[in-house]
Amino acid sequence: MKVQLLTKRKQHWILGSAFCGMVGMALINFTMTGSVIPFPSKSPVISIQESHEEGVLTNAALIGPAASLIEVKPIEGEHSLNTAVAQTQTGRNGNLSQAKQSAASKQVAITFDDGPDGKYTPQVLDILKQNNVKATFFVVGGQVSKFPKVLKRIHEEGHAIGNHSWDHADLTKLSSVRIEQELNETEDWIMKTIGISPSLVRAPYGAVSTPVKKAVEQSGRSLVGWDVDPRDWAGTSSKDIIHNIKTHTKDGGIILLHSYGGKKGNLDNTIEALPGIIAYLKKENFDIVTVPEMKARVQNGR
């Protein structure tokens with residue numbers, strides 16, 4: 001009898017505990033979902049309410065396939081996270097204003113080396129003016145001394161100007177003293193001609209060494225290279241110049257062209273290609289800027 005009584009009490013206790021547990025779960029579910037029955041919620045498991053769109057896109061990129069578990073604050077009406085990512089990155093037509101902003105934020109800088117001169121630099125300036133484009137000219141001091149009026153025109157028409165040494169010497173083969181002389185003599189002529197001291201330096205041939213970097217840094221200037229070289233200086237056809245730029249130009253790219261020199265002193269190919277280059281970049285929604293403008297965007301973290 002005692003054993004049966006204890007067994008029945010134990011069963012009652014187990015049933016009572018189970019009932020209390022069910023009641024407790026129902027109360028918790030009611031508090032969280034508004035229902036005592038634990039049906040699957042229609043809302044995602046995790047909620048991210050980010051107002052900073054870059055943060056949203058970063059989370060989406062990191063999460064990848066699990067993005068379906070994330071509720072992101074809608075961007076422009078009913079667009080989903082995946083739509084927002086695709087249209088911001090690809091610039092497809094849609095209601096997202098981010099698409100237009102992304103397209104408009106693409107930048108590229110066109111630069112011209114080795115000038116000024118009296119033949120090709122004025123033609124380059126004419127084309128840039130006709131297309132309302134600003135470029136960056138890395139000038140050689142010896143050429144500035146011969147064509148100061150052309151340098152003045154470059155400056156007056158709103159283009160940026162950089163230092164490209166005095167006589168296009170390979171700076172890596174010079175002593176520290178000679179490197180400073182190359183840069184300072186060119187700077188003196190630029191200052192005397194247009195009243196400004198350029199803060200940008202491009203090493204001839206793109207040749208840079210530790211002493212060159214040190215000399216430029218100590219003078220408070222910035223070294224500027226390039227990442228698109230269509231080799232106009234080598235006599236490349238205008239068609240191939242344009243093809244090279246179409247193939248390699250990306251957001252933040254710096255294109256290398258020349259306004260003096262060239263193969264046997266001929267840069268007709270550059271002059272012929274330039275209108276097509278500008279037309280292509282504009283068609284692809286690139287904002288053609290000067291190197292200082294691009295540098296400012298990088299510094300501002302845009």
Side-chain angles (χ1 to χ4, degrees), residues 109-171 174 177-207 212 215-216 219-226 232-233 254-275 277-278 288-295:
I110 302 177
T111 64
F112 295 91
D113 283 12
D114 299 352
D117 75 339
K119 180 179 181 180
Y120 290 112
T121 306
Q123 292 183 67
V124 167
L125 290 171
D126 288 343
I127 295 170
L128 295 175
K129 188 174 183 179
Q130 291 165 7
N131 290 276
N132 193 28
V133 168
K134 305 303 179 187
T136 305
F137 290 78
F138 288 93
V139 298
V140 173
Q143 291 297 112
V144 173
S145 67
K146 297 175 183 178
F147 301 96
K149 290 183 179 180
V150 180
L151 182 68
K152 286 182 180 179
R153 180 183 169 186
I154 294 172
H155 176 60
E156 290 170 355
E157 294 185 1
H159 304 288
I161 295 170
N163 190 322
H164 198 41
S165 82
W166 176 257
D167 55 7
H168 209 273
D170 183 344
L171 301 181
L174 304 181
V177 173
R178 280 294 300 140
I179 292 171
E180 291 181 9
Q181 289 177 344
E182 286 276 338
L183 299 178
N184 291 338
E185 289 178 13
T186 301
E187 182 174 318
D188 289 345
W189 264 95
I190 294 172
M191 184 71 182
K192 181 169 65 174
T193 304
I194 59 175
I196 66 164
S197 177
S199 61
L200 305 177
V201 172
R202 173 172 282 167
Y205 313 105
V212 172
V216 173
S219 68
R221 305 180 181 105
S222 300
L223 271 172
V224 178
W226 63 83
D232 65 326
W233 52 270
I254 298 178
I255 299 172
L256 171 65
L257 294 172
H258 295 76
S259 67
Y260 174 67
K263 189 174 183 179
K264 297 182 179 181
N266 191 326
L267 285 174
D268 291 343
N269 54 339
T270 304
I271 300 304
E272 184 178 344
L274 187 54
I277 293 170
I278 294 171
I288 305 174
V289 299
T290 64
V291 171
E293 289 172 330
M294 182 175 287
K295 183 180 177 183

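Since the model is a prediction, treat every value here as computed from it, not as a measurement. Residues: numbered from 1 along the sequence shown.
Here the side chain of Thr121 pairs a donor or acceptor atom with the backbone of Ser259 at under 3.5 angstrom. Remark: the backbone N or O of Ile154 is not paired with any side-chain donor or acceptor of His159 at under 3.5 angstrom. Checked by atom type and distance alone, the side chain of Asn163 never pairs as donor or acceptor with a backbone atom of Pro198 at under 3.5 Å. Listed for the Ser222 side chain is no donor-acceptor partner under 3.5 Å among the backbone atoms of Leu200. Between the side chain of Thr136 and the main chain of Val291, a donor-acceptor pair closer than 3.5 Å is present. Judged by distance alone, with hydrogens and angles left aside, the side-chain atoms of Lys134 form a donor-acceptor pair with the main-chain N or O of Glu157 at under 3.5 Å.
With sequence neighbours excluded, the residues satisfying ring pair (Phe, Tyr, Trp, His ring centres under 6.0 Å) with His168 are His164, Tyr205. In this view, Tyr120 satisfies the ring pair (Phe, Tyr, Trp, His ring centres under 6.0 Å) rule with no residue, not counting sequence neighbours.
The distance from atom CG of Asp113 to atom CZ of Phe137, rounded to the nearest 0.5 Å, is 10.5 Å. Glu156 contributes atom CD, which lies 11.5 Å from atom NZ of Lys149 (distance to the nearest 0.5 angstrom). Between the CG atom of Leu267 and the CD atom of Glu272 there is a distance of 12.5 Å, given to the nearest 0.5 Å. Rounded to the nearest 0.5 Å, atoms CD (Glu182) and CG (Asn184) are 10.5 Å apart. Expressed to the nearest 0.5 Å, how far OG1 of Thr290 lies from NZ of Lys295 amounts to 11.0 Å. Once rounded to the nearest 0.5 Å, the distance linking NZ of Lys263 with CG of Asp268 reads 13.5 Å.
For Ile190 against Gly162, the heavy-atom pair with the smallest separation is CD1-O, 4.4 Å. Counting all heavy atoms, side chain and backbone alike, Ala135 lies closest to Ile110 at CB-O, 3.3 Å. The minimum heavy-atom distance linking Ile254 with Gly225 is given by the pair CG2-O, 3.7 Å.
For the pair Val150/Asp117, no side-chain contact is recorded, criterion being any heavy-atom separation below 4.5 Å from C-beta on. Between Leu128 and Ile278 the shortest side-chain heavy-atom distance falls below 4.5 Å. The shortest distance between side-chain heavy atoms of Trp189 and Val139 does not fall below 4.5 Å. At a threshold of 4.5 Å between non-hydrogen side-chain atoms, the residues Pro204 and Asp170 do not count as touching. Considering only heavy atoms from C-beta on, Asn131 stays 4.5 Å or farther from Ile288 through its side chain. Between Glu180 and Ser219, the closest side-chain pair of non-hydrogen atoms is not below 4.5 Å.
With 3.5 Å as the limit, one finds a donor-acceptor pair spanning the side chains of Arg202 and Thr111.
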Take Thr193 and Lys152 through the test side-chain contact (heavy atoms from CB on, under 4.5 Å) and record every step on the way to the result. CA-CA 7 Å; Thr193 304; Lys152 286 182 180 179; 3.8 Å; yes
Decide side-chain contact (heavy atoms from CB on, under 4.5 Å) for Leu125 and Phe112; before the verdict, give the C-alpha distance in whole Å, the side-chain angles of both, and the deciding distance to 0.1 Å. CA-CA 11 Å; Leu125 290 171; Phe112 295 91; over 6 Å; no
Stepwise side-chain contact (heavy atoms from CB on, under 4.5 Å) test for Thr270 and His258: CA-CA 7 Å; Thr270 304; His258 295 76; 5.5 Å; no
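Under the 4.0 Å criterion applied to side-chain N and carboxylate O atoms, Arg221 and Glu187 are assigned as salt-bridge partners.
Across Val140, Leu183, Thr186, Asp188, a single residue satisfies side chain to side chain contact (heavy atoms under 4.5 Å, CB included) together with Trp166, and that is Thr186.
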